[in-house]
Amino acid sequence: MEFLQPILLWGLPAVFLPLVIHLLNRLRYRQVDWAAMAFLLAATRRSTNNLRIRHWLLLASRMLIVLLIILALSRPLMRGRLGALAGGAPDTVLLLLDRSASMETQTQQGQSRREQALAFFAEMGSRRRTASSYVLIEHVERAPLELRHPAVVQELASTGPTDTAADIPALLRAAVDYVIEHDTGRTEILLATDRQVSNWKPDDGEWVTLREQLARMAPDVRVLLLDLSASDGMNMAVAVHDAMVRQTDENAVLHLTMDIRADEIADRTVPLVIDIDGSRLQVDAAMENTAVLRFSTELDLAGDGQQLGWGHVEIPADANPRDNTSYFVYGETLDGRVAVVHDHSRDAQIWRAAAGRDRDVDVVGIAETDRLGMEALALMIVQGDDPAATERAAAFAAAGGVVLLLPPGHASTCSVMDITWQEPEEATAASPFRVPIWDEQDGVLARTSDGINLPLDQLTITSRQPFQFGEQSVPGAGGRVLAQFADGGVFLEERQLGAGHVFVCSTRPQSDWSSLGDGMVLVPLVQRLIRLGNRHLGAVRTAVSGDWRPSSADEVWLPVSGDDQLDPAIHAGVFRSGSRLLALNRPVQEDRADVLIGDTLEALFDEVQFVLLDGSDAVMQASRDGSEIWYWLVCLALAGLVLEGFLSRERSALPPKMGEGRTA
Amino acid sequence: MAVKVSTELVDAAVLGRLSRLTLQARIPMAGSVAGLHRSATRGSSIEFAEYRKYVQGDDIRHVDWRVFARTDRFYIKEFEADTNLRCCLVLDVSGSMGYAGAHGSRLDYAKRMLATLAHLLVHQGDAAGLVCFSNGATHEIPPRDSPAHLRVLFDTVAEVQPKGRSHIIQAIHDLSEKIRQRALVIVFSDFLTPLDDLLGCFEHMRFRKHDLAVFHLLDRQEFDFSFDRPIRFAGMEGEGHILADPAVIKADYQRELDRFLATMEHGCREFGVDYHRVFTDMDYEAAIAAFLLKRLKKQQTAGG
């Protein structure tokens, strides 16, 4: 038998407490001169037979009660048949691994959080003796991988470090889908994560469905969360925000802007090592009573600045080595055009204004889609469900472009994009649809660099048209929900399509639909979409690890460093494909150390059979393959209390008190 | 010193209140002088007893001449005789009588009762004697009715101390034989002795036509047995000691005690013993008053 709280077993000597009290009481006797010894002798002889037995039974029952309570508090696990009767070992254990960049933070055990998670999986498998089947699901591919033994997780390439961000709701979705699809019986979902808020996305609509499904699956399915949020010391991160070449009269200058983020607010000087095409130089960045610093510097470039180049910025080693380097490329960049396919000519002005006066914006009607030029296109906005337009938009997105889809105004299905538009819904001007929830941390609706929120909550929306991707009936199941209405409906959703992105909005900027046309939200949204679309233009590109996909399967991107181990799909670095350069960096949200607080965690798993395992002794806690039997022990303790009460009652009832049964 | 102790045994106020009551014998006594009690013989009181035929030797002064005038026969008119009684106060001074509960020693309580009764007896003209028995040592003071004798009795009572085993069985048997004439015998004891033998004593007393009254002195603690922790009970008459948890043995102890008391009461009823169970937390004046009143009622019932 093993225990989840073995430290409480130190309380076992308390079992003898009733006996000690009894003996102490006996030692604490006082002497009394007694005359009626004859009755006393007779009573003593008689009580040796039954009352003394009852007395010892009472003592034994008290000791048993203390024993059972201590054992119950220690949360024992029962193995074997008894354990199976009491709950049984799980048939399937799903090992969910968050291997995002923040999981490379070193712990006090000298391992990274990810390594600790893998060691935990392996250790747990070696300790368990029952024949549960193990399935690994890591956050990048989210493809279930059945394991012969959990110890092999440490040898798998798919459990290595990445520079990506994890999507915990999606990871759990994959696990729940696996449970449903394979009918896994009694299942443990073991999630190893550092509880980073940006990965957990507590506002994601997916949680509602997950919670309901997991609650329905209880008690057959339970979630064990391995908390790996502990770290060893302070951490800092650097992320290149922008690398831009500027021509001066004498030479070309590289203007580098980067964000330096620390766990704590403090005064410190951070030595930055900047490597440009193999040349290294050090620059000191002074952080004065701040945790975040946007730091800019200018570096002279050799030559005329027309050539392509790359480099990286490093900060000294700290708790997480993964976020100490950020890569950049520089050279020719293009500012792409915007194409708008509309079904109403009056919308053209809105889109031109949102795209900016200086930008080349092609506005065509639905019937004129053929006229649309696709060269140097950064963003394509499609309003309506014209098959030709959506087909071109899908091809554009697959090649790396960014597409914004707006509702057609009637129920329809777009098979190319796999989107189903439902009937439009109306609201009164007095009580319009509101958008109170959106992703402020990351994406096209994130806060500005100055920390200012986009005023989505001030939007007044009187018409909307719900949509869904494919057969999914759950909001966000087909993509990533960026903003939601108060009733849970999706306002803006992002979905990756090939190398590009498709954004779907459920309302239009026209005044009879919403106040989006005021521009407070629309302008930054369109500008950010354009910037996102610019990334696939020109010879140098920057992208985010995990989000980036090659625009075609034929493209081969190789690391400029020559390190064959680097995979552009998941690793940061500088990659080359022909004459093009690509700088991949981890998502900026991975640099944020915000940890999901316990209350939020409890709320996310409300009504779900959920156990939070402390990372420090989780191996001991979760490696048990038995079932918890504390509730049986509590029942036994209660039965013992009843017995004790019965024995006590019998004893006290035997000698009637004066006035009750005996008279003088 | 002895005088001082003696005066502590009786309370003048108590005596004053109890003096309105008299101690009556339940059976005719054989006293030597006139007194408050019915005599076993005919006497010269004003209470008519019976007529009987004149026989030779009768005092002709007792012939009822009116009957002779009517019937021409000699009849002697006899009257009841009132006599005094001899009371033997028996005090158990064995070790167990030294038991002292919250309200004081059992022997002290018995001494106060005994002294008060002796005082009442002497002052109503009866003779009071004393027998104290313990482990071999016996104090005997024959019954006298003089106040001076009372002081001797008090001094003796004040001096006796609880000691040794009880010899109440032998003492009562001896007393039954030793008292030649009918007498009132009042025993003060805890009667912690084999009950069968004790009841044999009572039977012996009845056989000898003595009026036997017993005061069974109990301490409330002995009856309730209300202890809350283990106690080492040490015997007061050399029985050794017992370490026991009162909670465990209380029921059986009380069952034994109740059985003993029930048998005792039943035996006393059977052998005509005037039985009084007295708890030492009671006011002894009340106990004596109850004793006197009970006897007074019986006397009135018998007379009426």
Side-chain angles (χ1 to χ4, degrees), chain A residues 16-63 643-664, chain B residues 92 94-101 105-107 162 166 190-195 217-261 277-279 281-282:
Chain A
F16 298 101
L17 216 53
L19 185 64
V20 170
I21 291 170
H22 171 74
L23 292 175
L24 280 177
N25 266 336
R26 282 186 71 88
L27 289 175
R28 280 175 57 231
Y29 69 82
R30 60 190 173 98
Q31 181 156 321
V32 169
D33 288 335
W34 195 249
M37 288 296 280
F39 311 130
L40 211 54
L41 284 165
T44 308
R45 276 195 298 273
R46 184 190 290 263
S47 58
T48 51
N49 298 328
N50 53 2
L51 276 182
R52 187 158 292 183
I53 291 171
R54 177 174 293 166
H55 185 73
W56 283 108
L57 269 177
L58 186 66
L59 194 61
S61 70
R62 285 173 181 169
M63 292 173 69
L643 174 69
E644 197 267 353
F646 176 74
L647 291 172
S648 301
R649 187 192 63 80
E650 284 291 298
R651 192 188 66 168
S652 61
L654 281 172
K657 292 180 179 172
M658 283 294 296
E660 291 179 357
R662 299 177 76 225
T663 55
Chain B
D92 179 2
S94 63
S96 62
M97 284 295 284
Y99 180 79
S105 151
R106 177 154 46 208
L107 184 61
S166 172
D190 50 18
F191 297 109
L192 295 173
T193 189
L195 203 52
L217 301 170
L218 286 171
D219 192 278
R220 184 66 68 184
Q221 183 73 300
E222 287 177 320
F223 189 77
D224 292 344
F225 206 66
S226 52
F227 297 100
D228 57 353
R229 66 160 89 159
I231 302 286
R232 189 179 193 223
F233 296 98
M236 301 180 77
E237 296 183 7
E239 300 97 332
H241 57 80
I242 298 171
L243 181 60
D245 185 349
V248 175
I249 63 168
K250 183 174 183 176
D252 285 322
Y253 169 85
Q254 290 186 326
R255 196 175 295 124
E256 290 290 328
L257 179 61
D258 289 346
R259 192 163 55 195
F260 174 83
L261 294 175
R277 186 185 303 162
V278 179
F279 286 91
D281 58 347
M282 293 168 60

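Side chains are part of it too, since the values below use all heavy atoms of this structure and drop only hydrogens, waters and symmetry mates. Quick note on labels: first sequence line is chain A, next is B, and so on, each numbered from 1.
You'll find the side chain of B:Y253 stays beyond 4.5 Å of the side chain of A:L41, heavy atoms only. Proximity of B:E239 to A:W34: side-chain heavy atoms (C-beta onward) are nowhere separated by under 4.5 Å. Here the side chains of B:F233 and A:M37 are in contact, with some heavy-atom distance below 4.5 Å.
Counting all heavy atoms, side chain and backbone alike, B:Y99 lies closest to A:D33 at CE1-O, 3.1 Å. Here the closest non-hydrogen pair linking A:A35 and B:E222 is CB-OE2, 3.4 Å. In terms of heavy atoms, B:E256 sits closest to A:A42 at CD-CB, 3.5 Å. The two atoms that bring A:A43 and B:I249 nearest to each other are CB-O, 3.8 Å, heavy atoms only.
Distance CD/B:Q254 to CZ/A:F39: 12.0 Å, rounded to 0.5 Å.
B:S105 is linked by a side chain to side chain donor-acceptor pair (under 3.5 Å) to nothing, counting only residues two or more places apart in sequence or in another chain. In this structure B:Q221 satisfies the side chain to side chain donor-acceptor pair (under 3.5 Å) test together with B:S226, sequence neighbours excluded.
At a 4.5 Å heavy-atom cutoff, A:A38 makes no contact with chain B through either its backbone or its side chain. Contact annotation for B:I231: both backbone and side-chain heavy atoms come within less than 4.5 Å of a heavy atom of chain A.
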